[in-house]
Asks: 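The structure is given below, and queries will be raised subsequently.
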Amino acid sequence: MELSKNYIPGEVENKWYQHWIEKGYFHSEPNNKPAYTVVIPPPNVTGVLHMGHCLNNTIQDILVRRARMQGMNPCWVPGTDHASIATEAKVVAMLRERGIAKSSLSREEFLTYAWEWKEKYGGIILQQLRKMGCSLDWDRTSFTMDPDYYETVIKVFVDLYNKGKIYRGKRMINWDVRAKTALSDEEVIHKEVNGKMYHIRYKLEIPGEEYITIATVRPETIFGDTAICVHPKDDRYKHLVGKHAFVPMINRRIPIIADDYIEMEFGTGALKVTPAHDINDFNLGQKHGLDVIETLNEDGTMNEAAPMYIGKDRIEVRKIIAADLEASGNLVKLEDYVNQVGFSERTDAIVEPRLSLQWWVDMKQLAGPALEAVMSDEIQFHPAKFKNVYRHWMDNIKDWCISRQLWWGHRIPAWYDADGNVYVAENEAAVNAKYPETKGKTLTQDADCLDTWFSSWLWPIEVFKGMSNPNNAEINYYYPTSTLVTAPEIIFFWVARMIMAGEEYMGKIPFKDVYFTGIVRDKQGRKMSKSLGNSPDLLGLIDQYGADAVRFGIMIASPAGNDLLFDESTLEQGRNFNSKLWNAAKLLKMWEPRVSNEGKVEQDAAFAMDWFQAKLSATQLEVDSMLKEFRLSEALKTIYGLIWDDYCSWYLEWIKPGFEQPIHADVYNKSIEFYDSLLQLLHPFMPFITEELHHALKAQTEDLCVKEYEAIGKVEEAVLNAGALLKNVISTLRDARNKNQIKPKEAVELHIQSENKAAYQTIENILAKQVNAKSIAYTNAPIGSSIVVALEKDKFYLVADQAIDTASLKENLLKDLEHQKGFLASVEKKLSNEKFVQNAKPEIIAIEQKKKADALARIQTIEESLAQL
RNA sequence: GGGAGCAUAGCUCAGUUGGUUCAGAGCAUCUCGUUUACACCGAGAGGGUCCGCGGUUCGAGCCCGUGUGCUCCCA
């Protein structure tokens, strides 16, 4: 097979992906091999591929492909999440464009549109993952609203309700005024916002004392005030506790209470208490038995509690109320103030704390085993620092608000009778069976849907139908899954809850390792976002550089556990690496016609092969241990260096035959074999080009994709060291040539003065080729008018045609000498320190003594060389 | 306000139990080079007060304290 001049990724990628699919390599069925199971973090059904997905899925594919080549039975399950709020918002927007208002539709009509939308636009992202080479088992594609999945979610709700772990209650929730739905705490994004601090005075019901002044950033909430609170030890206000004041503008009488929750230094030290609109105030109100007065409608406008502002938006009111307060003389002052404001993750609306009747999961009971699983390392987090974050959250866990005022999702299986009694069961018939008193009554189902995460927390179980068809062969084989790869942002949303669901319903953890990827940022460290426009078009990049180069670029820049600063230059590096791989293969193929069986393998080539074998084995071991520790980026760097430097720059040059000379068959075959091992090592990272070259090198019976790794050979340390010495000699001599401005083309005479002559004789040809020596001789005495190079105990003399720059030579030697003497001095100082000799471990002392001996020998060599100049 | 983490070359990062010549890698930079795989290349070089201060130790990039700066999470 002839190789084209350059590597063209596009064709190759399509060809091989197609081939792999046709062969069914990505499909898994339970068998007698060990399972390696990965479930994809299901992207939103509305999603399109972005850099975060690219990183995340590349990592998963690396792990999965490696497992496949290790002879395991990998199963990587794809799928999508119905993403209730995000999808409903898209559908509502689509309907609006068509001139249809959601409010004009029945639930069923709306859902018909939603499903249509899902079928048409949903899951684009799954197509895009194919472009990246992801080896997903497409036959297992799942969706969180598949019929069995839907049923399971409902079943879980009913089960938790029956166990008393789900309840309905009026509580303070985060209200999204735009989507008109409750949000969980995790769906609220806190941002710093420049606002004002309003100092407002309340008239006191005490003769002689006129006002008390409070400070607030939300003056529009004064209509919901039911108390003013001060610190019990605050001398300024002590005498007011138990008295009353009047809310400005409406003159409602409210008590002044004391609680040590108050920070005396903050604001004026007096806090207005609005239990209906602030969680802390709510708690304070509960404690002190205060009234709760709601002032907002569900769309964020003011209600009757604020008579002069009815129907106006609360943000609008905040602006105008200052003037009104000022007019009535109640505004004391205004100051600039930066505070944290909660925004809806989905609609970006300012979230309002609001009292509301919602469904909740009691998390305290579920958290126990889930915390234990991680703290005991039954589930390992990578990097482990996230254990702390996890523990902190689990220790302070709050109940989970799971109802959403949406239609797209799993409808809550609760029915109400005319009197408002609640009945929970899978369906109306089940309700009738379970609660005989409901027979004949008209029941209405709860209109709300469940939080998206209430379905995703079952993902590792239900993709194998572990709940809808318990104990089936697949769930027993694939569960618990092996590794979860996800973003740290959803450690609470998803990871923690999957662990809870796993413990609750399988009695087992859902996965053994969790690898948290970093966040993809741009070069300047900014998070990638649509609004900043700093998110590159991934498919465009794949077109431009090739999928392998993109995978390489994103992985090489992605240190374990850290954020990734995305820069296109690493993609270029990836593309260049493609070229390097391609060209090395071209070189090997060029030799193919010149392969000869005659004679024996020359000793130089034999040395090179022994050395590379040792280097390869050593690196394979290194990569193995790095991957076990999920240090993927380092593993890739190591492989990159092995291929580019050790194989291409050193090994191939060492065995390269002279111009139009034959190459011994043993050497050629071994080189091909080495190269194939390198391709195999690299394959999980760059699947396409490696598969292509694997087949281009020679006729293969097996695709690389499914070729199992062979056992790693023994590492011959001595050979490894001999290779390192050779590289060192070559580099040093090349440096000497460079420094003495010997033209690359000019061949020199090389004289070697060494006690270890035999070692150099074996590799004479390599040495001559690599330092461009026309002759190599051995000597016991210095060679006159030559460039002297000292390396460890050996000396090298280069004889060139041109005059030698003795001065610079001398300078270099003197510099080296000085360094060696300084080093010797420090070693001697250490060795003469009695405390060191007494306390240090014997092996450390032996090392120091060897250092001393080496330094002395080295100094002698340098001094001898200097004497000759 | 509470918690976690980070600070090593121009940039992005390794550096394991404190002890090999330990101060490293890749990229970037500079010099030289177009010898039939590759200029998307080759050969070589320069570049760091390991954030500041104090401590423990025979010995600290690594351990402890403290200061400064930055990031993230939670409220």
Side-chain angles (χ1 to χ4, degrees), chain A residues 3 5-7 185-186 188 190 263 266 279-280 340 342 383 385-393 395-396 398 488-489 491-492 519 521 523 525 527 545 549 556-565 567 569-570 572-591 625-626 629 631 633-634 636-638 640-641 644-645 648-649 652-653 656 658-660 730-739 741-745 769-772 819-820 823 826-827 829-841 843-848 850-851 854-855 858:
Chain A
L3 287 175
K5 184 168 186 309
N6 295 310
Y7 174 58
D185 288 345
E186 289 72 28
V188 178
H190 292 270
E263 277 178 56
F266 188 84
I279 180 67
N280 295 311
Q340 295 281 328
K385 67 179 177 188
F386 287 110
K387 271 170 81 172
N388 282 331
V389 182
Y390 181 81
R391 186 183 49 205
H392 191 251
W393 189 75
D395 281 345
N396 298 291
K398 304 213 174 59
E489 313 159 334
I491 184 166
F492 310 129
I519 295 165
R521 298 172 180 281
K523 241 201 271 192
K527 215 166 159 172
Y545 295 98
I556 203 89
S558 185
N562 276 345
D563 286 355
L564 169 162
L565 298 192
D567 183 348
S569 68
T570 61
E572 269 176 52
Q573 197 186 340
R575 185 199 54 194
N576 295 352
F577 189 34
N578 272 342
S579 293
K580 191 71 183 179
L581 289 162
W582 194 255
N583 284 315
K586 260 163 60 186
L587 178 64
L588 288 167
K589 295 300 281 182
M590 239 176 67
W591 295 337
S625 78
M626 283 171 174
E629 293 166 48
R631 292 155 67 182
S633 174
E634 281 174 72
L636 178 56
K637 276 179 192 165
T638 304
Y640 176 76
W644 199 301
D645 299 328
C648 292
S649 295
L652 285 181
E653 295 300 331
K656 194 184 235 175
F659 187 59
E660 297 199 332
I730 293 168
S731 293
T732 309
L733 294 179
R734 281 169 169 173
D735 183 32
R737 289 183 57 118
N738 248 346
K739 291 232 164 78
Q741 290 170 337
I742 299 174
K743 295 245 153 46
K745 275 183 178 168
K769 195 156 60 176
Q770 294 266 277
V771 304
N772 194 12
H819 176 253
Q820 292 298 334
F823 176 69
S826 79
V827 173
K829 192 176 157 201
K830 208 184 250 190
L831 281 170
S832 62
N833 181 335
E834 272 179 41
K835 284 184 176 168
F836 171 72
V837 180
Q838 276 164 21
N839 294 320
K841 282 177 270 180
E843 58 267 34
I844 301 293
I845 296 173
I847 286 164
E848 291 300 320
K850 181 168 183 306
K851 281 199 242 174
D854 287 351
R858 180 102 180 92

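Naming convention: chains lettered A, B, ... in sequence-line order (proteins, then strands); numbering from 1 in each chain. FYI, side chains are in, hydrogens and waters are out, and symmetry mates aren't considered; it's all heavy atoms of this structure.
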Asks: Counting distance only, does the side-chain N/O of K830(A) pair as donor-acceptor with the main-chain N or O of F836(A) below 3.5 Å?
Replies: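 Looks like no, no N/O pair under 3.5 Å.
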
Asks: Hey, does K586(A) reach any base, or is it just sugar-phosphate, or nothing, if we go heavy atoms under 4.0 Å?
Replies: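 The answer is sugar-phosphate, as K586(A) gets under 4.0 Å only of primed atoms, P, OP1 or OP2.
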
Asks: For V837(A) and A855(A), find the nucleotide of RNA chain B closest to each by heavy atoms; which residue's nucleotide sits nearer the 5' end?
Replies: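 Its nucleotide being nearer the 5' end, the pick is A855(A).
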
Asks: Closest to the N576(A) side chain: C38(B), C40(B), A14(B)?
Replies: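 Shortest atom-to-atom distance from the side chain points to C40(B).
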
Asks: Starting at CE of M626(A) and ending at C1' of A14(B), how long is that distance when rounded to a whole Å?
Replies: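 For the pair M626(A) CE and A14(B) C1', the rounded distance is 9 Å.
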
Asks: What contact category does R734(A) fall into here, base, sugar-phosphate, or nothing, at under 4.0 angstrom with non-hydrogen atoms?
Replies: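 Sugar-phosphate contact only.
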
Asks: Check whether N772(A) reaches the backbone of K745(A) with its side chain - one donor and one acceptor, N or O, closer than 3.5 Å.
Replies: yes

Asks: So what does S731(A) hit on the nucleic acid, given a heavy-atom distance under 4.0 Å: a base, only sugar-phosphate, or nothing?
Replies: sugar-phosphate

Asks: Could you measure between the two C1' atoms, the one in U71(B) and the one in C62(B), and give it in whole Å?
Replies: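 Each nucleotide's C1' atom is 22 Å from the other's.
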
Asks: Taking the side chain of F492(A) as its heavy atoms from C-beta onward, which of C58(B), C72(B), C73(B) lies nearest to it?
Replies: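 The answer is C73(B), which lies nearest to the side chain.
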
Asks: Between P on G5(B) and OH on Y390(A), what's the gap in Å once rounded to a whole number?
Replies: 18 Å

Asks: Identify which nucleotide among C41(B), U36(B), C58(B) has an atom closest to any side-chain atom of K580(A), counting heavy atoms from C-beta outward.
Replies: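 Of the candidates, C41(B) comes closest.
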
Asks: K656(A) near the nucleic acid: base, sugar-phosphate alone, or nothing, with a heavy-atom cut-off under 4.0 Å?
Replies: base

Asks: Could you tell me the separation between the OG atom of S731(A) and the CG atom of N738(A), rounded to the nearest 0.5 Å?
Replies: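 The distance works out to 11.0 Å.
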
Asks: For E629(A), does the CD atom sit with more than 12 other heavy atoms under 6.0 Å from it, leaving out its own atoms?
Replies: yes

Asks: Send over the distance from I491(A) CD1 to G5(B) C1', rounded to a whole Å.
Replies: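 Going from I491(A) (CD1) to G5(B) (C1'), I get 14 Å.
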
Asks: Side chains of I730(A) and R734(A): does their closest heavy-atom pair fall under 4.5 Å?
Replies: yes

Asks: Quick one: on RNA chain B, does N738(A) or M590(A) contact a more 5' nucleotide (nearest heavy atom)?
Replies: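 Going by which nucleotide is closer to the 5' end, it is M590(A).
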
Asks: Specify the separation, in whole Å, of atom CD of E629(A) and atom C1' of U16(B).
Replies: 9 Å

Asks: Where do K637(A) and E634(A) land on the salt bridge (Lys or Arg N to Asp or Glu O under 4.0 Å) test, with the steps shown first?
Replies: CA-CA 5 Å; K637(A) 276 179 192 165; E634(A) 281 174 72; over 6 Å; no

Asks: What pattern of brackets, bars and dots sums up RNA chain B from 5' to 3', given Watson-Crick or G-U wobble pairs under 3.5 Å, [ ] for crossing pairs and | for another strand?
Replies: (((((((..((((.....[....)))).(((((.......))))).....(((((..]....)))))))))))).

Asks: Could you tell me if the side chain of E653(A) sits less than 4.5 Å from the side chain of Q770(A), heavy atoms only?
Replies: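 A side-chain contact exists here, since the closest heavy-atom pair is under 4.5 Å.
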
Asks: Would you kindly give the CZ-to-C1' distance between R631(A) and C13(B), to the nearest whole Å?
Replies: 12 Å

Asks: Within this structure, what is the NZ-to-P distance between K835(A) and U56(B), rounded to whole angstrom?
Replies: 12 Å

Asks: Sticking with atom C1', work out how far U56(B) lies from U16(B), rounded to a whole angstrom.
Replies: 22 Å

Asks: Distance check, P atoms only: U49(B) and G24(B), in whole angstrom units.
Replies: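 Pairwise P distance, U49(B) against G24(B), rounds to 14 Å.
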
Asks: Nearest to the side chain of P744(A), which nucleotide is it out of A43(B), A37(B), G33(B)?
Replies: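 The nucleotide sitting nearest to the side chain is G33(B).
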
Asks: Base, sugar-phosphate alone, or nothing: which one does W644(A) contact when heavy atoms must sit under 4.0 Å apart?
Replies: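 Here W644(A) touches the backbone only, sparing every base.
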
Asks: Once rounded to the nearest 0.5 Å, what's the spacing between atom CG of L588(A) and atom NZ of K656(A)?
Replies: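 If I round to the nearest 0.5 Å, the distance is 11.0 Å.
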
Asks: Looking only at atom C1', what distance separates A7(B) and G52(B), rounded to whole Å?
Replies: 12 Å

Asks: Would you measure the distance from the P atom in G15(B) across to the matching atom in A25(B) and give it in whole Å?
Replies: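 The same atom, P, in both gives a distance of 15 Å.
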
Asks: Say we look at C58(B) and A75(B): how far apart would their P atoms be, to the nearest angstrom?
Replies: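 That atom pair is separated by 48 Å.
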
Asks: If I pick the C1' atom on G61(B) and the same atom on C50(B), what distance separates them, to the nearest angstrom?
Replies: 5 Å

Asks: Just by distance, no angles: are the side chains of N578(A) and R575(A) close enough, under 3.5 Å, to form a donor-acceptor pair?
Replies: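 Per modelled atom types, N578(A) and R575(A) side chains form no pair under 3.5 Å.
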
Asks: Give every pair of a protein N or O atom and an N or O atom of nucleotides 26-30 of chain B that lie under 3.5 Å apart, one pair per line with the distance.
Replies:
residue: G26(B); atom: O2'; partner: Q573(A); partner atom: NE2; Å: 3.3

Asks: For the CH2 atom of W644(A) and the CG atom of L581(A), what is their distance to the nearest 0.5 Å?
Replies: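 W644(A) CH2 to L581(A) CG: 8.5 Å, rounded to 0.5 Å.
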
Asks: Mark yes or no for whether N396(A), through its side chain, and H392(A), through its backbone, hold a donor-acceptor pair below 3.5 Å.
Replies: yes

Asks: Write down the distance separating the C1' atoms in C38(B) and A43(B), rounded off to the nearest Å.
Replies: 15 Å

Asks: In whole angstroms, how far is the P atom of A14(B) from the CG atom of L636(A)?
Replies: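 Between P of A14(B) and CG of L636(A): 15 Å.
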
Asks: For the side chain of E653(A) and the base of A43(B), is some donor closer than 3.5 Å to an acceptor across the two?
Replies: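 A donor-acceptor contact between them is absent.
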
Asks: Go through the structure and list residues passing ring pair (Phe, Tyr, Trp, His ring centres under 6.0 Å) with Y7(A), not counting sequence neighbours.
Replies: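 Y7(A) satisfies ring pair (Phe, Tyr, Trp, His ring centres under 6.0 Å) with W582(A) only.
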
Asks: What nucleotide, of C73(B), U35(B), G5(B), holds the atom closest to the side chain of K745(A)?
Replies: U35(B)

Asks: Roughly how many Å is it from NZ in K830(A) to P in G19(B), rounded to a whole number?
Replies: 10 Å

Asks: Looking only at the side chain of E634(A) (C-beta and beyond, no hydrogens), which of the listed nucleotides G42(B), A14(B), C40(B) gets closest?
Replies: A14(B)

Asks: Heavy atoms from C-beta onward define the side chain here; which of G15(B), G5(B), C38(B) lies closest to that of N388(A)?
Replies: G5(B)

